[in-house]
Amino acid sequence: MALQRPTLCCCRKVLTVPGNKSCEGGRSLAHCRLVDVASASNFHSFKLRHFHLDLHLNFAVKRMTGWQVLELTPVQPGVQSLILDTHPSLLIHSVDCKVPGASGAPDVFLSLTYRIEPFTDYGSSLNISLPAAVVRPHRAFRVTIRYTTTDGPAIWWLDAELTCGQTRPLVFTQGHSVCNRSFFPCFDTPAVKSTYSATVRVPEGVTVLMSASRSAYSKQDRVFQFTMEYPVPTYLVALVAGDLQHADIGPRSRVWAEPCILTCAVSKLGGNVERWLNVAEGLFGPYVWGRYDIVFLPPSFPIVAMENPCLTFIISSILESQEFLLIDVIHEIAHGWFGNAVTNATWEEMWLSEGLATYAQRRITTEAYGKAFTCLETVFRLDALHRQMRLLGDNNPVSKLQAKFEPGVNPSSLMNLFTYEKGFCFVSYLSQLCGDIKRFDSFLRAYIEKFRFSSVIAQDLLDFFLGFFPELKESCVAQREGLEFERWLNGCGPPLCEPDLSAGRALTGPVQHLCDLWGVDAPDPQVISTFDLSSWSTFQTVLFLDRLLDRSPLPQEVMSLLSSCYSAVLDGMNAEVQIRWLQIVVRNSFYADLPRVRSFLHKHTSRMYTVPLYEDLCGGVMKCFAVEVFYQTQARLHPNLRRTLQQILFQSSALNTSTAPSLLTSPPSAPSSPTDPPANGTIALRDVNVSA
């Protein structure tokens, strides 16, 4: 997911919900008049009871064709149209309506008129006119939309050469945050949840999976049937189809992957998933989704992992980094409670999903692996948060937990470390106010129980918190000077306080000691040699390298000593470690280790490993080297990633951003200066070392 700096509005007031008390506990937010500036739909006018997709997947032309049936009930009088979110890449063929006949009369079928209007650069609106006979308060009706998808942002078609096995093509969808409007017309807002079902027709040899609680397959007809019996928001509807096989890894879990990586995936996870689920259930209550399956996707998957209910999507590149895999899976498990069962009602409060899930993830790892491990991982992430803070400045509004954005701004641009780590720190502060972490566990269980399958705003969480702990409400903790809840939510800058991480000193202490040894004018090789990085955990090693990276530029003699001490041992470590050492190499123009950079970029074709290195190469004096490597590897890159790297390398607005770029056979004219910064002006991934 591209990180773009959003256009922010600092003057908007905190989102409030009129009549909030009447909307508590299983409430329908359609009645609460929530404003979601990222949706063009009139979702507040209807109750979406269910929708069904019937799709045919055509790999030859990379299209999905079929129809969608929405079952709706008007909840407001006088509604004359149904407005859905859609996308220019989604071609609408017709819209029909089925109205149940009154008093046993036959159902009535009507062809409806519609128009498509522009909305933002990430979508448009489908405005369907509804006859008066259709719109009767609290009387259900069905709308059928026939359509074809093309090259929208939600649907990723991979040629066989871009898959792990390189034998069959594959397709997957990625709906977060507002991409699924290019998959099917919808109320594309997290405020709306509904059940769904799907029928998917595919060529022989293709397996289809969806984020659904039940599935069936007719081999004779090559048809897959899916049902999600629990209400979910649009962005959590996901599909993948390709040469996929599975292996059971627990009583309610299985791993799906291409055959060539299935054995590796199973061996990496073993029986751990059921253990993590059991720990989570002990903390937060029953896991309500039934299945917890995982599908490993090719390196073209644009993010690390996605918490689609019943079926987590994870990039296969992370398999070689055992500790990162562990954290990523546990984080997605935590979303089963925080984000999926209880969801942020608007994207402006994404921390309600990511901050709570990060807190829950660390409660799980504390119970499963101890406080020291959890503190080490937290120190590593908070280091990254402060690194991002230094780049943005203390007064940048993107650092707010309630980050208000103007209409037209893509909510994905708010996917930053603040939603995760500043949100985590606020939740940790709430737990500290209780004085007993077990009491806070009880609060979280009650919170899930009360708001399960609904969408909430921050005020819901905080009101319920103060109601659960009346003694805290009486002592006015929400207005405690310097730590006011309002300041946590709407203040810019770093967290107002951070949790005590001293329990991790046995693991973080040696890291800082070694950093200090390298920080002197003349590092002592003999003392440094007493530290054996091969005996360290991955998180210790990446924390050490990140802190070295923060000190760049380093003297060339120090770089030479670093290389002689660590290059060989780091070559045998995983990609999360290697990329950090190679970033140090590039930012310090250490040419002796450039062959390692070339080798890494030839091996790794995922966005999370290529983009940071190319940005570093182009931000320094190695752009010619970067162009050379790009030409050597571009055929193995997904067209979307290829386009991104072309923009980094050549800084040309002439590149066509509406279609996939062709392979380049000769380089565009190079920029006049080898030290020009990246063209897009964004906060680069390399600057924050975000990997999940």
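Source: prediction; values computed, not measured. Values reported hereafter were calculated over all heavy atoms of this structure, with side chains retained and with hydrogens, waters and symmetry mates removed.
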When you check the gap from the basic side-chain N to the acidic O, do [X] and [Y] get nearer than 4.0 Å?
X: Glu421; Y: Arg362; value: yes
X: Arg580; Y: Asp550; value: no
X: Glu615; Y: Arg607; value: no

So, [X] and [Y]: side-chain donor and acceptor under 3.5 Å apart, yes or no?
X: Thr343; Y: Ser455; value: no
X: Ser125; Y: Asp85; value: no
X: Tyr609; Y: Gln578; value: no

Hey, is the main chain of [Y] close enough, under 3.5 Å, to the side chain of [X] for a donor-acceptor pair?
X: Glu349; Y: Ala458; answer: yes
X: Asn588; Y: Phe590; answer: no
X: Ser399; Y: Gly493; answer: yes
X: Lys473; Y: Leu466; answer: no
X: Asn180; Y: Thr234; answer: yes
X: Thr541; Y: Ser537; answer: yes

Which class fits the ring pair [X] and [Y]: parallel under 30°, tilted 30 to 60°, perpendicular over 60°?
X: His331; Y: His335; value: perpendicular
X: Phe630; Y: Tyr614; value: perpendicular
X: Phe440; Y: Phe465; value: perpendicular
X: Phe600; Y: His604; value: tilted

message: If you count every heavy atom of other residues, nucleotides or ligands that lies below 6.0 Å from Asn395 atom CG, does the total exceed 12?
response: no
query: Heavy-atom count around Arg505 CZ within 6.0 Å, excluding the residue itself: above 12?
result: no
- prompt: Could you go step by step and tell me if Gln174 and Phe301 meet the side chain to side chain contact (heavy atoms under 4.5 Å, CB included) rule?
  reply: CA-CA 9 Å; Gln174 169 56 22; Phe301 188 54; 3.8 Å; yes
field: side chain to side chain contact (heavy atoms under 4.5 Å, CB included) evaluation trace for Gln540 with Leu543
entry: CA-CA 5 Å; Gln540 285 178 296; Leu543 180 63; 5.8 Å; no
query: Can Arg551 and Leu554 be said to form a side chain to side chain contact (heavy atoms under 4.5 Å, CB included), step by step?
result: CA-CA 7 Å; Arg551 299 184 180 188; Leu554 299 168; 4.0 Å; yes
- request: Report the C-alpha distance between Phe464 and Lys450 in whole Å, list the side-chain angles of each, state the deciding distance to 0.1 Å, and finish with yes or no for side chain to side chain contact (heavy atoms under 4.5 Å, CB included).
  value: CA-CA 9 Å; Phe464 189 67; Lys450 181 174 181 62; 3.3 Å; yes
Quick check: [Y] with [X] (ring centres under 6.0 Å apart)?
X: His513; Y: Trp518; value: no
X: Phe468; Y: Tyr447; value: no
X: Trp351; Y: Tyr359; value: no

- prompt: So, for Pro499 and Cys425, which heavy atoms are closest and what is the spacing to 0.1 Å?
  reply: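 Closest approach of Pro499 to Cys425, heavy atoms only: CD-SG, 4.0 Å.
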